[in-house]
Amino acid sequence: MRLATWNINSIRARTERAVAFVERSGVDVLALQETKCKDDQFPREPFEALGYEVVTHGFSQWNGVAVISRVGVDAVEQGFPGMPTWGDPAAAEARALGVTAGGVRVWSLYVPNGREIGDPHYVYKLDWLAKLRDAAAGWLAADAGAQVALVGDWNIAPLDTDVWDPAFFAGRTHVTPAEREAFVAIGGAGYTEVSREHVPAEHTYTYWDYQQLRFPRNEGMRIDLTYASPALAARVTGVTIERNERKGKAPSDHVPVVLEIAD
DNA sequence: ATGTCGACACGCTGTCGA
């Protein structure tokens, strides 16, 4: 099975790109983040025409996650158990969508950005990650052999070599010890971050800001990562970061990450 | 050569979020 994750930064603005990627890459399952639309605004038809089922989770122009699958979709969950809320009045955001596809429990995750260190959104980000760890630990406690993929935009660069210049990020989010510890804690719950295992090269990025010519200068961040349960990690035979998707007209600021999973 | 983009609305410019 081929499984991909991609922060598309508006599915409506990039429908043609997403369809072309699905056709070209031959993915069986595509987890999307930042779809930026409500469920009834999602362009389902072009994917369905290719034989995929489309599951969406979006409340507004912000956030939004989806899963597109040609190997079935079952047991759809919007949000994970214990997921924190945000806002006033407090409400769940569309940042997590779980589906079982091709025998794998796939979670499309859009971790909160955090904005600024100390901002309430930063506190929310850390809490969100802690609750995700708890939920993920529970899934393995219930079934040590579970096939689980936690994919998406983590908004954390786990290592200094995951950004072009650590000094630039001094005092900013995405690289703080607290965020990195929250990320490592998912591993502590029994999961393995498989994209680095298969693509270990330093300064290999998945995101480049639109501003300041970050892509031409290759000033990016590796923040789109995949945690796999032990049973699934053992089946991952390769990972590809689709850097070319950052090129051309109207790209997303993130590129897809594709996992090859043995039968 | 370029120095950001997308969605929304009290909408054609300003605001928010990233």
Side-chain angles (χ1 to χ4, degrees), chain A residues 5-21 31-44 46 56-66 83-97 108-129 151-158 162-165 168-176 179 182-183 205-225 243-257:
Chain A
T5 182
W6 193 6
N7 179 320
I8 190 72
N9 186 23
S10 173
I11 185 62
R12 288 178 291 170
R14 264 171 276 287
T15 304
E16 285 186 25
R17 243 186 203 269
V19 170
F21 170 72
L32 294 167
Q33 301 87 37
E34 275 209 274
T35 52
K36 288 187 169 177
C37 66
K38 301 173 185 175
D39 293 335
D40 62 4
Q41 296 175 309
F42 194 102
R44 315 170 62 89
T56 65
H57 180 40
F59 294 128
S60 68
Q61 71 268 43
W62 292 304
N63 314 310
V65 283
M83 191 180 78
T85 56
W86 174 252
D88 183 15
E93 294 189 300
R95 294 182 176 275
L97 178 65
S108 181
L109 303 171
Y110 178 45
V111 176
N113 173 287
R115 299 180 186 167
E116 307 286 340
I117 296 171
D119 188 290
H121 206 260
Y122 179 78
V123 177
Y124 170 55
K125 178 181 192 174
L126 295 176
D127 186 37
W128 202 96
L129 287 160
V151 308
D153 175 2
W154 292 80
N155 271 318
I156 296 169
D162 292 330
V163 300
W164 80 92
D165 179 11
F168 176 85
F169 288 90
R172 300 178 192 250
T173 61
H174 292 57
V175 299
T176 64
E179 289 166 285
F183 183 80
Y205 307 128
T206 64
Y207 160 87
W208 298 259
D209 199 306
Y210 289 122
Q211 302 184 58
Q212 305 296 129
L213 296 174
R214 292 294 183 218
F215 184 64
R217 296 178 179 188
N218 196 30
E219 296 175 344
M221 308 173 76
R222 184 194 280 229
I223 57 177
D224 299 273
L225 303 149
R243 189 177 187 281
N244 285 342
E245 275 295 344
R246 187 63 177 79
K247 301 177 180 177
K249 188 183 176 199
S252 170
D253 42 4
H254 297 250
V255 295
V257 179

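Below, chain A is the first sequence line, B the second, and so on; all start at residue 1. Treat the numbers as computed from the prediction; the structure is a model and nothing was measured.
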Pick the [atom1] atom in [N] and in [M], then give their distance to the nearest Å.
{"N": "B:dC12", "M": "B:dA7", "atom1": "C1'", "value": "15 Å"}
{"N": "B:dG6", "M": "B:dG11", "atom1": "P", "value": "23 Å"}
{"N": "B:dC10", "M": "B:dT4", "atom1": "C1'", "value": "27 Å"}
{"N": "B:dT2", "M": "B:dC8", "atom1": "C1'", "value": "27 Å"}

Would you mind listing every side chain to side chain donor-acceptor pair (under 3.5 Å) that reaches into residues 83-92 of chain A, with sequence neighbours excluded?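 Sorted result for residues 83-92 of chain A: empty, none.
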Remember a base hit wins even if backbone is also touched, and classify A:Arg14 as base, sugar-phosphate or nothing at under 4.0 Å, heavy atoms.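 Sugar-phosphate only.
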Can you list everything that forms a salt bridge (Lys or Arg N to Asp or Glu O under 4.0 Å) with A:Arg14? Sequence neighbours excluded, please.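 So A:Arg14 forms no salt bridge (Lys or Arg N to Asp or Glu O under 4.0 Å) with any residue.
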Go through the structure and list residues passing salt bridge (Lys or Arg N to Asp or Glu O under 4.0 Å) with A:Glu179, not counting sequence neighbours.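 Here the qualifying residues are A:Lys125.
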N/O donor-acceptor pair under 3.5 Å between [X] side chain and [Y] backbone:
{"X": "A:Ser252", "Y": "A:Asn7", "result": "yes"}
{"X": "A:Asn155", "Y": "A:Val111", "result": "yes"}
{"X": "A:Thr56", "Y": "A:Phe42", "result": "no"}

Say you draw a straight line from CZ of A:Arg95 to CG of A:Leu109; how long is it, rounded to the nearest 0.5 Å?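 Nearest 0.5 Å value for the CZ-CG distance: 11.0 Å.
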For the atom pair OG (A:Ser10) and CD (A:Gln41), what is the distance rounded to the nearest 0.5 Å?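 Answer for the OG-CD pair, A:Ser10 versus A:Gln41, is 9.5 Å.
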Return the set of residues passing side chain to side chain contact (heavy atoms under 4.5 Å, CB included) with A:Glu219 (not counting sequence neighbours), or none when no residue passes.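 Testing A:Glu219 for side chain to side chain contact (heavy atoms under 4.5 Å, CB included), a comparison that skips the adjacent residues, returns A:Trp164, A:Arg214, A:Arg217.
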Round to a whole Å and report the spacing from CD of A:Gln41 to C1' of B:dC8.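 Rounded to whole Å, this separation is 11 Å.
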Nearest-angstrom distance from the residue atom CD1 of A:Ile11 to P of B:dC5: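 So the CD1-P distance, A:Ile11 to B:dC5, works out to 19 Å.
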For A:Leu213 and for A:Ala13, locate the closest nucleotide of DNA chain B by heavy-atom distance; then report the residue assigned to the nucleotide nearer the 5' terminus.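 That would be A:Leu213.
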Each nucleotide in nucleotides 10-18 of chain B should get exactly one letter: B, S or -. Can you fill that in based on protein heavy atoms under 4.0 Å? -------BS
If pairs are Watson-Crick or G-U with both distances under 3.5 Å, what is the dot-bracket string of DNA chain B, marking crossing pairs with [ ] and pairs to another strand with |? ...((((((...))))))
Any side-chain N or O of A:Ser10 below 4.0 angstrom from OP1/OP2 of B:dA7?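 Indeed, a polar side-chain atom of A:Ser10 lies that close.
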